[in-house]
Amino acid sequence: MADSGLQALPPLLGAGDPPLYTVHNPHGRSPFVLLADHAGQRVPAALRELGLPQHELDRHIGWDIGIAGTTGELARQLDAWAIEQTYSRLLIDCNRPLASPTLIPEVSDGTVIPGNAALTAAQRQQRIDAIHAPYHARIEAELDRRRDARIPTVLVMMHSFTPAMNGVQRPWQAGVLYHQDTRFAQALLQALRAEGDLVVGDNEPYSVNSSSDYAVPVHGEGRGLVHVELEIRQDLIADAAGQQAWAQRLARIFRALQPQLLAA
């Protein structure tokens, strides 16, 4: 029997709300597959911006600033399949396992999220069912399709990070993140550092683990795919020029690494 509390909730997504995700190049020929879990900042109309003013949703807490444009342009240049998640990470973080305490944060970088306070189990499950589960189901479906068609696949989890956190400036222009599988990470770290104009973090400004991250452990390691998580500093990709420049740089580097990665 269905949970009566869940049945009593009004629908989370209404007719006027945008689609859950955008897929670029559904028939892309590149081995690279790009995932942008934090690309969007939308909130369903029913939740009234989670009680936040727009300027809070525009901050780094609401989304990964600049990563949607960078991912879309990189997908175009590589002819790569890419997916961008539409809704704010404050609604539900699609790069968190369901047990994570930051799946639906009540506070983010000092900002209280009124719409996330004291959620019932049914309300939490509704967000999982409406946003997190179908987004990852779409990724799983594409990875299954590629596996069954014997299409080589290299995963890139696309993210961006704020230049300063908790009052501390971050020196890196980019960060290469990984967990147990370092095949792509070490190659990309060397290639980015060889550019000569970048300070590149090695598992900085964040590191990956199975309790705090979803995409790397599930889609990457869980399938044995060559993969990496890439972080780009947000001030470098905040406008179209920066997004274009980083997409061009990454497309060049990824093409150069492709033979090595496919042989890994």
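The line from CD of Gln173 to CG of Leu192 is 10.5 Å long, rounded to the nearest 0.5 Å. Between the OG1 atom of Thr162 and the CZ atom of Arg59 there is a distance of 8.0 Å, given to the nearest 0.5 Å. Here the CZ-CG distance, from Arg255 to Leu250, works out to 11.0 Å after rounding to the nearest 0.5 Å. Interatomic distance, Leu230 CG to Leu177 CG, rounded to the nearest 0.5 Å: 8.5 Å. Atom NE2 of His24 is separated from atom CG of Leu74 by 10.5 Å, given to the nearest 0.5 angstrom. The distance from atom CG of Leu103 to atom CD1 of Ile128, rounded to the nearest 0.5 Å, is 5.5 Å.
Between Asp93 and His132, the side chains place no donor N or O within less than 3.5 Å of an acceptor N or O (distance only, hydrogens not considered). A donor-acceptor contact closer than 3.5 angstrom is absent between the side chains of Gln234 and His60. No side-chain N or O of Gln190 forms a donor-acceptor pair with one of Gln186 less than 3.5 Å apart. Side-chain contact check for Asp239 and Gln243: no donor-acceptor pair (N or O, by modelled atom type) lies under 3.5 Å.
By the criterion of side-chain heavy atoms lying less than 4.5 angstrom apart, applied directly or through intervening Ile, Leu, Val, Met, Phe, Trp or Tyr residues, Ile131 is grouped together with Val43 in one hydrophobic cluster. Residue Ile232 is grouped with residue Phe32 when hydrophobic side chains (ILVMFWY) are merged at heavy-atom distances under 4.5 angstrom, including chains of intermediate members. Put simply, Leu188 and Leu155 are part of two different groups of oily side chains (I, L, V, M, F, W, Y) that touch within less than 4.5 Å, one to the next. Leu34 and Leu143 fall into different hydrophobic clusters, where Ile, Leu, Val, Met, Phe, Trp and Tyr side chains are chained together by heavy-atom contacts under 4.5 Å. Note on Ile67: it clusters hydrophobically with Val156, by side-chain heavy-atom contacts below 4.5 Å among ILVMFWY residues.
Shortest non-hydrogen contact noted between Leu35 and Ala215 is CD1-CB, 4.5 Å. Counting all heavy atoms, side chain and backbone alike, Gln169 lies closest to Ala164 at NE2-CB, 3.4 Å. The heavy-atom pair separating Pro18 from Tyr87 by the smallest distance is O-OH, 2.7 Å. Taking both residues in full, the closest heavy atoms of Asp235 and Pro163 are given as OD1-CG, 3.5 Å, listed atom of the first, atom of the second, then distance. What you find for Arg127 and Leu50 is that their closest heavy atoms are NH2-CD2, 4.0 Å. For the residue pair Asp213 and Glu229, the shortest heavy atom distance occurs at OD2-OE1, 4.0 Å.
Side-chain contact check for Thr182 versus Val228: every heavy-atom pair is 4.5 Å or farther apart. Under the 4.5 Å side-chain criterion, counting only non-hydrogen atoms from C-beta, Asp129 is not in contact with Gln126. By the 4.5 Å heavy-atom criterion applied to side chains, Leu91 and Leu47 are counted as neighbours. Arg193 has its side chain within reach of Asp202: a pair of non-hydrogen atoms, C-beta onward, lies under 4.5 Å apart. For the pair Thr153/Pro31, no side-chain contact is recorded, criterion being any heavy-atom separation below 4.5 Å from C-beta on. A heavy-atom distance below 4.5 Å is found between the side chains of Glu195 and Arg252. Between Val154 and Leu262, the closest side-chain pair of non-hydrogen atoms falls below 4.5 Å. With contacts defined as side-chain heavy-atom distances shorter than 4.5 Å, the pair Val176/Asn203 does not qualify.
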(message) For Asp37 and Arg89: C-alpha separation, side-chain torsions, deciding distance, then whether salt bridge (charged side-chain N to carboxylate O under 4.0 Å, His left out) applies.
(response) CA-CA 8 Å; Asp37 297 344; Arg89 61 190 302 173; over 6 Å; no
(message) Would Leu189 and Val200 count as a side-chain contact (heavy atoms from CB on, under 4.5 Å) here? Give the steps.
(response) CA-CA 7 Å; Leu189 187 63; Val200 185; 3.6 Å; yes
(request) Applying side-chain contact (heavy atoms from CB on, under 4.5 Å), run through Trp63 and Ser88 and close with a yes or a no. (result) CA-CA 6 Å; Trp63 59 333; Ser88 175; 5.7 Å; no
(request) Could you give me the CA-CA distance, side-chain angles and deciding distance for His227 and His219, then say whether ring-ring contact (aromatic ring centres under 6.0 Å, His included) is met? (result) CA-CA 9 Å; His227 65 274; His219 299 310; over 10 Å; no
(message) Before you tell me yes or no, could you show the steps for Val107 and Ile113 under side-chain contact (heavy atoms from CB on, under 4.5 Å), namely the whole-Å CA-CA distance, both residues' side-chain angles and the distance that decides it to 0.1 Å?
(response) CA-CA 6 Å; Val107 181; Ile113 318 300; 5.8 Å; no
(message) Quick one, Gln41 with Ile65, criterion side-chain contact (heavy atoms from CB on, under 4.5 Å). Give me CA distance, side-chain angles, the key distance, then yes/no.
(response) CA-CA 9 Å; Gln41 63 177 148; Ile65 295 167; over 6 Å; no
(request) Let me see the working for His38 and Gln85 under side chain to side chain donor-acceptor pair (under 3.5 Å), right down to the final yes or no. (result) CA-CA 6 Å; His38 300 152; Gln85 207 276 125; over 6 Å; no
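The closest donor-acceptor contact from the side chain of Asp109 to the backbone of Ile61 lies at 3.5 Å or more, if one exists at all. A donor-acceptor distance shorter than 3.5 angstrom exists from the side chain of Arg146 to the backbone of Pro152, with no hydrogens or angles considered. Within the 3.5 Å criterion, the main-chain N or O of Thr111 finds no donor-acceptor partner in the side chain of Ser108. A donor-acceptor pair is defined here as one N or O able to donate and one able to accept, closer than 3.5 Å; such a pair exists between the side chain of Asp64 and the backbone of Ser160. When atom types are taken as modelled, the side chain of Thr86 and the backbone of Leu20 share a donor-acceptor pair closer than 3.5 angstrom. The main-chain N or O of Ala82 is never found under 3.5 Å from a side-chain atom of Asn25 such that the two would form a donor-acceptor pair. The main-chain N or O of Gly14 is found under 3.5 Å from a side-chain atom of Asp17 such that the two form a donor-acceptor pair. Of the possible donor and acceptor atoms, one in the side chain of Arg233 sits under 3.5 Å from a partner among the backbone N and O of Trp172. Without hydrogens or angle criteria, Glu231 side chain to Pro205 main chain gives no donor-acceptor distance under 3.5 Å. Not one N or O on the side chain of Gln244 forms a donor-acceptor pair closer than 3.5 Å with the backbone of Ala241.
Ring geometry for Phe184 against Phe254 counts as perpendicular: the plane angle is over 60°, on a 0 to 90° scale with 30° as the lower cut. Classified by interplanar angle (parallel below 30°, tilted 30° to 60°, perpendicular above 60°), the ring pair Tyr214/His136 is tilted.
Other residues, nucleotides and ligands contribute more than 12 heavy atoms inside 6.0 Å of the CZ atom of Arg183.
Using a cut-off of 4.0 Å between Lys/Arg side-chain N and Asp/Glu carboxylate O, Glu140 and Arg223 are scored as salt-bridged.
Cation-pi geometry between Arg249 and Trp246 is met: the NZ or CZ atom falls under 6.0 Å from the ring centre, inside 45° of the normal.
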